[in-house]
Amino acid sequence: MSREILDLAKALATEKNVDLDVVFEALEVALGNAAKKKADREHMNLEVHINRETGEHQTIRKWLIVEDLDYTYPELEKTIEQIQEEIPGIEIEVGDYYEEVISNEAFGRQAAQTAKQIILQRIRDAEREQVLSSFLKNRDDIVVGTVKRVERHGVVVEVAPKLEALIARNHMLPRENYRGGDRIRALFLRVDELNSGRKQVMLSRAIPEFLVKLFEQEVPEIADGLLEIKAVARDAGQRSKIAVYSKDQRIDPQGTCIGVRGTRVNAVSNELNGERIDVVLYSPEPADFIINSLSPAKVNRIVVDEENKVADVIVDEDQLSLAIGKNGQNVRLASSLTDWQLNIMTADEEEQRNAEEDAVLSALFIEKLEVSQEVADTLVQEGFVSLEEVAYVPEDELLSIETFDEQMVADLRQKARDVLLNEALAKQEKINHIAEDLKALEGVDEDMLTNLAEKDVFTRDDLAELSVAELVEITGVSETKAAEVINAARAHWFTDDNGAA
């Protein structure tokens, strides 16, 4: 039979164009499975080893060496003592396998049929792996294929002979329909391993990177490195914004990406089922970039808070709906593109909001500094926004206010400092009341303790009684973090005195 095995392995390797070792490994598995069935050895750990040179094979029984034999798996395990009784002087350790050569079994028709099925399946798997490896080695970022079939969970695409890929439903464009035989382009996403052990190529037409790659194909200047796409924001199938930047001042980045009469941007849009694409000019200056990103709306004025990355954008009344967009799409995409929070408002809305903020600030100065409405309004109008500024800005800034004299400035500064000192002492007094069980709670840091003390949360039980939403509002942590801290605070409620649940 040894010569027959060699001839069979070589014939199969040649016919299926796979490595000879793949065929030998498949034969070994097939012969091992058949040996179990033939000799009624289903519970034994059997392997078959084939000599690659002679074709002769051996059937090996493997025993796992254990410290104590509990007879749970008597046909799979032996102790060191049992092995040493059979083979005196053998050196072996717990966890090793002892291999025992047993007689080969003759195979009948049924065993041969089983072996054939296993061999063919292994060879098919090897062929598929070989095709996949070749595809991954030579693929482009954008894959072109043919629709094989449309299923409930997505579209199956043939991307190479005998190789199928999947575009999942959530990676397709809305209202996009395909039939068998249609040509389709998509971005290579990843290779997933399925429960069966098979590998599945995954494609996407909905992620922003697909839009970037399409522009790289349509605009040679991007591939050449003269232009750069700095950011992308996308509502797949509906509208997208891309921010472009030129490394060569002689090149107009917007015009180059749009093309003559819109040929380039239209080619990308047509590939994306008519998706509208705004090409905007990137700028390292946040204000300029935000104004560009809100195109086609025209911006009157913008106020930026760089520390918190928040911008108030003021537009004319007739530009408000254009700046916000249908269902807020334009401002949402602009916010995603710039990575800033954008507040769109008209001049009247800004004036009303500023008046409300000034009224709150003025009331604070009246209460804390015990000054008149006129003095409080003057401080607000001069740009003072906190007690800290009144207390610690250079004295000359306060003296430069026309209606303030030296005595008034001295009184304001001293009063502001006294208020701040008293507030700090009161805060520290509250912190001193925090119980040790709350201080020691996992996940609670100094900032959180300070915030909790201000809301009279001093013990672990006080914290445990809060809801997640309340803790988020008090401390500003994420919902996930708040849930973890509250669960830790409540843990002792569900254990007995001995710590058992």
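These numbers were taken from a predicted model, which means no experiment stands behind them.
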### Query
What is the distance from atom CG of L189 to atom CD of Q200, rounded to the nearest 0.5 Å?
11.5 Å

Do any side-chain atoms of residues 380-399 form donor-acceptor pairs under 3.5 angstrom with protein atoms, and if so which ones, sequence neighbours left out?
{"residue": "S386", "atom": "OG", "partner": "E389", "partner atom": "N", "Å": "3.3"}
{"residue": "E389", "atom": "OE1", "partner": "V385", "partner atom": "N", "Å": "3.2"}

### Message
Quick one about N330 and R239 (side-chain donor to acceptor, distance below 3.5 Å, no hydrogens or angles considered), yes or no?
### Response
yes

#### Entry: Parallel, tilted or perpendicular: rings of Y282 and Y245 (30°, 60°)
perpendicular

### Message
Determine whether D462 and T459 satisfy the following criterion, side-chain hydrogen bond (donor to acceptor under 3.5 Å, both in side chains), listing intermediate values before the conclusion.
### Response
CA-CA 5 Å; D462 291 341; T459 68; 3.2 Å; yes

### Message
Regarding T146 and R183, do their side chains bring together a donor and an acceptor under 3.5 Å, going by distance alone?
### Response
yes

### Query
For D418 and Q414, does a side-chain donor sit closer than 3.5 Å to a side-chain acceptor?
yes

### Query
For the side chain of S283 and the backbone of D288, is there at least one donor-acceptor N/O pair under 3.5 Å apart?
no

### Message
Quick check against the 3.5 Å criterion: does Q319 have a side-chain atom that pairs as donor or acceptor with the backbone of K298?
### Response
yes

Can I get a per-line list of side-chain donor-acceptor pairs under 3.5 Å for residues 134-143, giving both atom names and the distance, sequence neighbours left out?
{"residue": "N138", "atom": "ND2", "partner": "S134", "partner atom": "O", "Å": "2.9"}
{"residue": "D141", "atom": "OD2", "partner": "K213", "partner atom": "NZ", "Å": "3.2"}

#### Entry: E402, CD: over 12 other non-hydrogen atoms inside 6.0 angstrom
no

### Message
Pairing donors with acceptors under 3.5 angstrom, does anything connect the side chains of D456 and H433?
### Response
no

### Query
Would you say the side-chain atoms of Q238 and R175 include a donor-acceptor pair closer than 3.5 Å?
no

### Task
With rounding to the nearest 0.5 Å, note down the distance linking CD1 in I184 to CD1 in I167.
3.5 Å

### Query
Do the side chain of D182 and the main chain of R179 share a donor and acceptor less than 3.5 angstrom apart?
yes

Which atom pairs, one a donor and one an acceptor, fall under 3.5 Å between side chains of residues 362-370 and the rest of the protein, sequence neighbours left out?
{"residue": "S362", "atom": "OG", "partner": "Q373", "partner atom": "NE2", "Å": "3.0"}
{"residue": "S362", "atom": "OG", "partner": "D377", "partner atom": "OD1", "Å": "2.9"}
{"residue": "K368", "atom": "NZ", "partner": "E423", "partner atom": "OE2", "Å": "3.4"}

### Query
R149 side chain to V156 main-chain N or O, any donor-acceptor pair under 3.5 Å?
no

### Query
Taking everything shown except D405 itself, do over 12 heavy atoms lie less than 6.0 Å from its CG?
yes

### Message
Does either side chain, that of S335 or that of Q341, offer a donor lying less than 3.5 Å from an acceptor on the other one?
### Response
no

